[in-house]
Q: 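Here it is, the structure in full.
Position 1 is the first residue of the sequence, and the numbers go up from there.
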Amino acid sequence: MSFNIEVLRSQFPILSRKVNGQPLIYFDNGATAQKPQVMIDALNNYYSFQNANIHRGVHSLSQEATTAFEAARTKAQAYFNAAKSEEIIFTKGTTDSINLLAGSFGRTFLNEGDEVIISTMEHHSNIVPWQMICDERKAKLRIAPINEKGELLLDELKAMVNEKTKLISIVHISNALGTINPIQEIIDFAHAHDVLVAVDGAQSVPHMKIDVQAWDCDFFVFSAHKMFGPTGIGMLYGKEHLLNKMPPYQGGGDMIKTVTFEKTTYNELPHKFEAGTPNIAAGVALSATFDFLNELDWEAIHQHETELLAYATAELKKIEGLRIIGEAANKASVISFLVDGTHPFDVGVILDQMGIAVRTGHHCTQPLMDWFKIPGTIRASFAIYNTKEEVDKMIVALNRAIKMLR
Ligand code: PMP
């Protein structure tokens, strides 16, 4: 599909609705992205005509549902260029994936004195699970620093790597700042020192295609709802030889081969990590989402979002007393800012009255907000369907809000 913004927008029904009497301007894509009709139709169709439990039925409907669900796995494998579909583990989302990783990998491979490295700009979901497992295993969680622009201090991260380092778990794109981290360099350096790397791709997937084999990352996690897919499903990609060495995270149906009261043997990958009935409907809808994503021209989208970011940044900077938090040289289309004499929450409420959805607060990155010595920010995060006209309307609304609040 060539990049025609009007055609693209027309595929997202929510973009034609009004909020508080105004046409919706949706700039909260970092929290969750809007949904194309094909994904909504797949969800509806599944519940209307395909609903059955998967993997264990002899009847036709169950087999049909299994095929529709498993299609998401093969499409995920192709989309992210994983070597095998067994390397794709379905989870509830990014948070669930990191908890799986910390619980299974951490409990097996972290010993007293071992170290895990994360960064100052992590989402709580890439902090708390590591804190919990490091506490349990008496391992040490180390935090790679950043600079005033919100960029990772790569040399300092490299200097933290030593023979005790077992894993670097790092965000690719910061949800609070938009910073794009140099993942390839981190992976190459880590591997040269026998250290594994897990990448939090929650914010990458709506903006670009990721090739896990090109990166050679060991683990990659994301949530489908951030990339125009359904809520309730996400992925843990892991290299097969690593996943094979990791024990199950949860016990129950589907993840077993045989069960007796004396001993249970576990299923093969990927089922070993997928206990219980998964979110089948979301899997089927995710499959349709991959079809949608495969039609997109990612180069054109990159150009569109780069222009949108540059334009919005320049326009915001014209507002007196407005300060952008996070000005990394390499940045995705996410802008966090503060306005002198106003509270982010109040600005958010007034923008909402004008139909504009932005996020305010700490964005689940409290340590990062503490680092900047701020309680939170106003965040406008753009997606493929946003336009300069929408940015113009936000600037007008912001100026009006500031006049009211100061
Ligand atoms: N990591 C990052 C960078 C995120 O932006 C988010 C969602 N805001 C998460 C992790 C957690 O994702 P989820 O809530 O879908 O599990």
Side-chain angles (χ1 to χ4, degrees), residues 94 97-98 101-102 105-106 109-111 113-135 137-204 207-208 210-212 214-222 237-239 242 325-332 334 336 363-373:
T94 307
S97 300
I98 299 174
L101 194 57
F105 174 88
F109 293 105
L110 289 182
N111 293 307
D114 283 345
E115 298 181 0
V116 173
I117 300 176
I118 59 172
S119 82
T120 308
M121 68 178 93
E122 300 308 319
H123 187 279
H124 294 164
S125 67
N126 197 33
I127 302 174
V128 185
W130 297 115
Q131 282 176 331
M132 291 161 76
I133 198 68
C134 285
D135 259 6
R137 304 297 303 166
K138 298 192 172 63
K140 190 167 164 193
L141 188 60
R142 302 190 65 190
I143 317 298
I146 59 170
N147 64 20
E148 279 292 332
K149 288 181 172 174
E151 294 167 318
L152 188 69
L153 294 175
L154 195 57
D155 287 342
E156 308 221 5
L157 182 149
K158 288 179 177 175
M160 290 165 87
V161 171
N162 61 47
E163 68 286 351
K164 292 180 196 153
T165 316
K166 285 286 171 338
L167 179 78
I168 299 173
S169 186
I170 192 144
V171 71
H172 179 210
I173 299 182
S174 157
N175 64 308
L177 308 175
T179 307
I180 303 178
N181 284 321
I183 291 298
Q184 190 67 68
E185 212 176 325
I186 294 170
I187 292 168
D188 292 347
F189 181 85
H191 286 176
H193 294 79
D194 284 331
V195 172
L196 300 174
V197 180
V199 182
D200 174 353
Q203 295 294 332
S204 330
H207 301 296
M208 62 187 76
I210 302 293
D211 182 329
V212 292
W215 265 353
D216 196 28
C217 59
D218 301 290
F219 302 101
F220 177 77
V221 298
F222 78 90
Y237 157 81
K239 286 181 181 166
L242 294 170
I325 309 294
E327 293 199 272
N330 197 9
K331 216 180 138 170
V334 175
S336 258
H363 317 295
C364 295
T365 56
Q366 277 182 9
L368 179 66
M369 297 295 117
D370 290 346
W371 190 92
F372 277 103
K373 298 190 174 56

Q: Mind checking side-chain hydrogen bond (donor to acceptor under 3.5 Å, both in side chains) for N330 and listing every partner two or more places apart, or none if nothing turns up?
A: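 So N330 forms no side-chain hydrogen bond (donor to acceptor under 3.5 Å, both in side chains) with any residue.
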Q: For D370, give me all partners under side chain to side chain contact (heavy atoms under 4.5 Å, CB included), at least two apart in sequence or on another chain.
A: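 Expected list: none.
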Q: Of all residues at least two apart in sequence or in a different chain, which pass the side chain to side chain contact (heavy atoms under 4.5 Å, CB included) check with L153?
A: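 P145, N147, E156.
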Q: Tell me every residue that passes side chain to side chain contact (heavy atoms under 4.5 Å, CB included) with C364, counting only those two or more places apart in sequence or in another chain.
A: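 Checked C364 against side chain to side chain contact (heavy atoms under 4.5 Å, CB included); matches are H123, H124.
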Q: Not counting sequence neighbours, which residues clear side chain to side chain contact (heavy atoms under 4.5 Å, CB included) with V334? List them please.
A: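 Counting only residues at least two positions away or on another chain, V334 forms a side chain to side chain contact (heavy atoms under 4.5 Å, CB included) with R379, S381.
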Q: Are the side chain of D218 and the backbone of A198 linked by a donor-acceptor contact shorter than 3.5 Å?
A: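 Not confirmed, D218 side chain does not pair with A198 backbone.
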Q: Using ring-ring contact (aromatic ring centres under 6.0 Å, His included) as the criterion, list what pairs up with F219, not counting sequence neighbours.
A: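 In terms of ring-ring contact (aromatic ring centres under 6.0 Å, His included), with neighbours along the sequence ignored, F219 is linked to F105.
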Q: Got a sec, which residues hit side-chain hydrogen bond (donor to acceptor under 3.5 Å, both in side chains) with Q366, two or more places apart in sequence or on another chain?
A: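 Q366 satisfies side-chain hydrogen bond (donor to acceptor under 3.5 Å, both in side chains) with H362 only.
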Q: So do the side chains of W130 and S169 get within less than 4.5 Å of each other, counting heavy atoms only?
A: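 Sidechains of S169 and W130: in contact.
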Q: Around atom CE of M208, are there more than 12 heavy atoms from other residues, nucleotides or ligands closer than 6.0 Å?
A: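 Result for CE/M208: enclosed.
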Q: Just how far is it from atom CG of L167 to atom CG of L196, taken to the nearest 0.5 Å?
A: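 The distance works out to 6.0 Å.
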Q: Taking C-beta and beyond as the side chain, do M121 and T179 meet within less than 4.5 Å on heavy atoms?
A: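 A side-chain contact under 4.5 Å exists here.
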Q: Contact between F189 and Q184 at the side-chain level, heavy atoms closer than 4.5 Å - yes or no?
A: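 When only atoms from C-beta onward are counted, Q184 and F189 do not touch, as no gap falls below 4.5 Å.
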Q: Any chance you could measure I210, atom CD1, to S204, atom OG, to the nearest 0.5 Å?
A: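 One finds 4.5 Å between CD1 of I210 and OG of S204.
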Q: Measure the NZ-NZ distance between K140 and K164 for me, rounded to the nearest 0.5 Å.
A: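 Atom-to-atom, K140:NZ and K164:NZ are 7.0 Å apart.
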Q: Report the residues that fulfil side-chain hydrogen bond (donor to acceptor under 3.5 Å, both in side chains) with E115, sequence neighbours left out, ordered by chain and then residue number.
A: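 E115 satisfies side-chain hydrogen bond (donor to acceptor under 3.5 Å, both in side chains) with R142, N162 once adjacent residues are dropped.
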Q: Which residues satisfy the salt bridge (charged side-chain N to carboxylate O under 4.0 Å, His left out) test with D188, sequence neighbours excluded?
A: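 Salt bridge (charged side-chain N to carboxylate O under 4.0 Å, His left out) check on D188 returns nothing, list empty.
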Q: Side chains of I170 and N181: closer than 4.5 Å at any heavy-atom pair?
A: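 Yes - at least one pair of side-chain heavy atoms lies under 4.5 Å apart.
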Q: Do the side chain of D114 and the main chain of N111 share a donor and acceptor less than 3.5 angstrom apart?
A: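 It does hold such a pair.
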Q: Provide the closest heavy-atom pair for G106 versus R137 in the form atom of the first, atom of the second, distance.
A: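 Minimum heavy-atom separation between G106 and R137: O-CG, 3.8 Å.
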Q: Between C217 and K239, which heavy-atom pair has the shortest distance, and what is it?
A: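 Closest approach of C217 to K239, heavy atoms only: O-CE, 3.3 Å.
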Q: Begin with the C-alpha distance, continue with both residues' side-chain angles, and end with the deciding distance and a verdict on side-chain contact (heavy atoms from CB on, under 4.5 Å) for V199 and V212.
A: CA-CA 10 Å; V199 182; V212 292; over 6 Å; no
Q: Applying salt bridge (charged side-chain N to carboxylate O under 4.0 Å, His left out), can you list everything that pairs with E151, at least two apart in sequence or on another chain?
A: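 Partners of E151 under the salt bridge (charged side-chain N to carboxylate O under 4.0 Å, His left out) test: none.
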Q: Would you name the heavy atoms of L141 and I127 that are closest together and state the gap between them?
A: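 Reported closest heavy-atom pair: CD2-O, 4.1 Å.
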Q: Test I146 against W371 for side-chain contact (heavy atoms from CB on, under 4.5 Å), laying out the working first.
A: CA-CA 9 Å; I146 59 170; W371 190 92; 3.9 Å; yes
Q: Can you list the residues that meet the side-chain hydrogen bond (donor to acceptor under 3.5 Å, both in side chains) rule with N175, with sequence neighbours excluded?
A: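 So N175 forms no side-chain hydrogen bond (donor to acceptor under 3.5 Å, both in side chains) with any residue.
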Q: Heavy-atom distance under 4.5 Å between the side chains of S174 and K331, does that happen here?
A: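 No, too far: nothing below the 4.5 Å cut-off.
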Q: Would you give the length of the straight line joining atom CG of L101 to atom CG of L242, rounded to the nearest 0.5 angstrom?
A: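 Result: 9.5 Å between the selected atoms.
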Q: Report the C-alpha distance between M132 and V128 in whole Å, list the side-chain angles of each, state the deciding distance to 0.1 Å, and finish with yes or no for side-chain contact (heavy atoms from CB on, under 4.5 Å).
A: CA-CA 6 Å; M132 291 161 76; V128 185; 3.8 Å; yes
Q: Please report the shortest heavy-atom distance between C134 and L110, naming the atom on each side.
A: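 That would be SG-CD1, 4.4 Å.
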Q: Tell me, do L368 and L177 make a side-chain contact under 4.5 Å, heavy atoms counted?
A: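 Yes, at least one pair of side-chain atoms sits under 4.5 Å.
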Q: Report yes if the side chains of L157 and D155 come closer than 4.5 Å at any heavy-atom pair, otherwise no.
A: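 Side chain of L157 against side chain of D155, heavy atoms only: no contact under 4.5 Å found.
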Q: Can you list every ring-ring contact (aromatic ring centres under 6.0 Å, His included) pair that touches residues 157-184, not counting sequence neighbours?
A: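 Listed by first then second residue: H172-W215.
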Q: Looking only at heavy atoms, what is the nearest atom pair of I133 and A102, with distance?
A: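 Result for this residue pair: CG1-O, 3.4 Å.
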Q: I need the minimum non-hydrogen distance between I98 and D200, along with the two atoms involved.
A: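 I98 and D200 have their closest heavy atoms at CD1-OD2, 4.4 Å.
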Q: Supply the atom-to-atom distance H191 NE2 to I168 CD1, rounded to the nearest 0.5 angstrom.
A: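 If we round to the nearest 0.5 Å, H191:NE2 and I168:CD1 are 9.0 Å apart.
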Q: Report yes if some heavy atom in the side chain of K166 is under 4.5 Å from a heavy atom in the side chain of V195; otherwise report no.
A: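 No - every pair of side-chain heavy atoms lies 4.5 Å or more apart.
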